[in-house]
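Working notes for the structure below.
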Amino acid sequence: MAKGTEEASTDTSTGTDTGPYSCGLDAAVDVVGGKWKPVVLWALHDAGTLRFGQLRRGVPGITEKMLIQTLRELESDGIVHREIYREVPPRVEYSLTELGVALNAALEPLGVWGDTHMEEILRAKGRAAA
C-alpha cells in the first residue's frame, strides 16, 4: 500500500495500527526511497551539520531543484532538521535528527553489501544492457 492512501492497516501479530503501510519495510522504503535520499543522508552523516551549498557540493550530480525537494521530503518525514538563522545574509543549516541517525545506522549494512558486491552488480547490469 502506498503512502497517502486513506486505508489503514493493522499488524496482525501485534494488533497495532500501521497506517498506510503494510509493514515496517514499506514505511522505511517510503522514507528513504529514491535516487538521492540515501546519498543526502550519507553526506549529512559524514559531515554533520551543513549549509545548502556545502551539501550540494557534497552530493555530486544532484541539481539544486532536486536537492531542495529531497531536503523538504526528509524534513517532512522527521529525518532532517532545518535550522534557519535570522541574520544578514540569511543562513540555513541542515542536520540529521535522532530518527535520521537511526535510519543511517540501518542503511550502513546495505552500503557494506553494495561495496562488497559492486563489481558483480556492474557486470550484471552490463549484461542486461547488452
Side-chain angles (χ1 to χ4, degrees):
M1 203 174 308
K3 181 179 176 183
T5 59
E6 298 302 317
E7 288 185 39
S9 298
T10 302
D11 183 329
T12 54
S13 64
T14 63
T16 305
D17 177 15
T18 60
Y21 303 113
S22 60
C23 64
L25 184 60
D26 188 18
V29 169
D30 181 46
V31 171
V32 77
K35 177 178 180 178
W36 295 110
K37 286 182 181 180
V39 181
V40 169
L41 287 170
W42 209 250
L44 286 169
H45 169 76
D46 282 347
T49 301
L50 292 173
R51 294 177 72 172
F52 183 86
Q54 294 170 312
L55 193 50
R56 184 161 182 217
R57 287 187 296 275
V59 182
I62 194 168
T63 64
E64 186 171 326
K65 178 182 175 183
M66 185 53 66
L67 181 56
I68 290 168
Q69 179 182 332
T70 300
L71 287 168
R72 283 183 181 154
E73 289 173 9
L74 290 169
E75 183 182 8
S76 172
D77 288 335
I79 304 299
V80 168
H81 172 72
R82 180 175 177 236
E83 184 71 33
I84 303 168
Y85 295 90
R86 306 283 180 209
E87 50 189 48
V88 178
R91 178 171 50 121
V92 179
E93 294 179 339
Y94 297 90
S95 60
L96 293 177
T97 62
E98 286 184 31
L99 193 58
V101 171
L103 179 57
N104 254 348
L107 290 174
E108 282 185 58
L110 188 59
V112 170
W113 180 88
D115 286 340
T116 302
H117 299 286
M118 193 175 304
E119 288 183 22
E120 186 178 344
I121 294 166
L122 291 170
R123 280 195 304 274
K125 288 195 174 289
R127 283 193 303 269

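For the numbers below, each heavy atom of this structure counts, side chains included, while hydrogens, waters and symmetry mates do not.
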>> Nearest 0.5 angstrom please: T63 OG1 to Q69 CD, how far?
In response: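 With rounding to 0.5 Å, OG1 (T63) is 8.5 Å from CD (Q69).
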
> For the residue pair A43 and G58, what are the closest heavy atoms and their distance?
Replying inline: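 Looking at all heavy atoms of both residues, the shortest contact is CB-O, 4.4 Å.
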
>> Please find the pair of heavy atoms, one from Y21 and one from D26, that lie closest to each other, and give the distance.
In response: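 The pair with the smallest heavy-atom distance is CA-OD2, 3.3 Å.
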
> Among all residues two or more places apart in sequence or in another chain, which pass the side-chain hydrogen bond (donor to acceptor under 3.5 Å, both in side chains) test with R51?
Replying inline: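 With neighbours one apart ignored, the set is empty.
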
>> Holding to side-chain contact (heavy atoms from CB on, under 4.5 Å), I want the full list of residues that pass it with R57, two or more places apart in sequence or in another chain.
In response: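 With neighbours one apart ignored, the set is Q54.
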
Only pairs under 3.5 Å count here: list side-chain donor-acceptor contacts from residues 95-106, not counting sequence neighbours, and write none if there are none.
| unit_1 | atom_1 | unit_2 | atom_2 | d |
| --- | --- | --- | --- | --- |
| T97 | OG1 | G78 | O | 2.6 |
| T97 | OG1 | I79 | O | 3.2 |
| T97 | OG1 | L99 | N | 3.3 |
| T97 | OG1 | G100 | N | 3.1 |
| N104 | ND2 | L41 | O | 3.0 |

> Do the side chains of L74 and W42 join up, straight or via other hydrophobic residues, at under 4.5 Å, putting them in one cluster?
Replying inline: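 Not linked; separate clusters.
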
> Taking a hydrophobic cluster as the set of Ile, Leu, Val, Met, Phe, Trp and Tyr residues connected by side-chain heavy atoms closer than 4.5 Å, whether directly or through intermediates, do I68 and V92 fall within one such cluster?
Replying inline: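 Yes: a chain of side-chain contacts under 4.5 Å links I68 to V92.
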
> Other than V29, which residues form its hydrophobic cluster under the rule that side-chain heavy atoms must be closer than 4.5 Å?
Replying inline: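 Its cluster mates, by chain and number, are L25.
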
Under 3.5 Å donor-acceptor pairs involving side-chain atoms of residues 114-124, not counting sequence neighbours:
| unit_1 | atom_1 | unit_2 | atom_2 | d |
| --- | --- | --- | --- | --- |
| T116 | OG1 | V112 | O | 2.8 |

> In chain order, what residues pass the salt bridge (charged side-chain N to carboxylate O under 4.0 Å, His left out) check against E108, with sequence neighbours excluded?
Replying inline: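 Per chain and number, E108 pairs via salt bridge (charged side-chain N to carboxylate O under 4.0 Å, His left out) with no residue.
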
> By salt bridge (charged side-chain N to carboxylate O under 4.0 Å, His left out), which residues pair with E87, not counting sequence neighbours?
Replying inline: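 Salt bridge (charged side-chain N to carboxylate O under 4.0 Å, His left out) list for E87, sorted by chain: R91.
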
> Is there a side-chain contact between V40 and I62, using heavy atoms and a 4.5 Å cut-off?
Replying inline: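 The answer is yes, as the side chains (C-beta and beyond) meet within the 4.5 Å cut-off.
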
> Do L71 and L55 have side-chain heavy atoms sitting under 4.5 Å apart?
Replying inline: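 With C-beta onward as the side chain, the pair touches.
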
> Which residue pairs pass the salt bridge (charged side-chain N to carboxylate O under 4.0 Å, His left out) test with at least one member in residues 37-46, sequence neighbours excluded?
Replying inline: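 Residue pairs passing salt bridge (charged side-chain N to carboxylate O under 4.0 Å, His left out), neighbours aside: K37-E73.
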
>> The test is side chain to side chain contact (heavy atoms under 4.5 Å, CB included); show your working for R86 and I84 and say whether it passes.
In response: CA-CA 6 Å; R86 306 283 180 209; I84 303 168; 3.6 Å; yes

>> Quick test of your reading: applying ring-ring contact (aromatic ring centres under 6.0 Å, His included), list the pairs with at least one residue in residues 49-108, sequence neighbours left out, ordered by first then second residue.
In response: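 Listed once each, the pairs would be none.
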
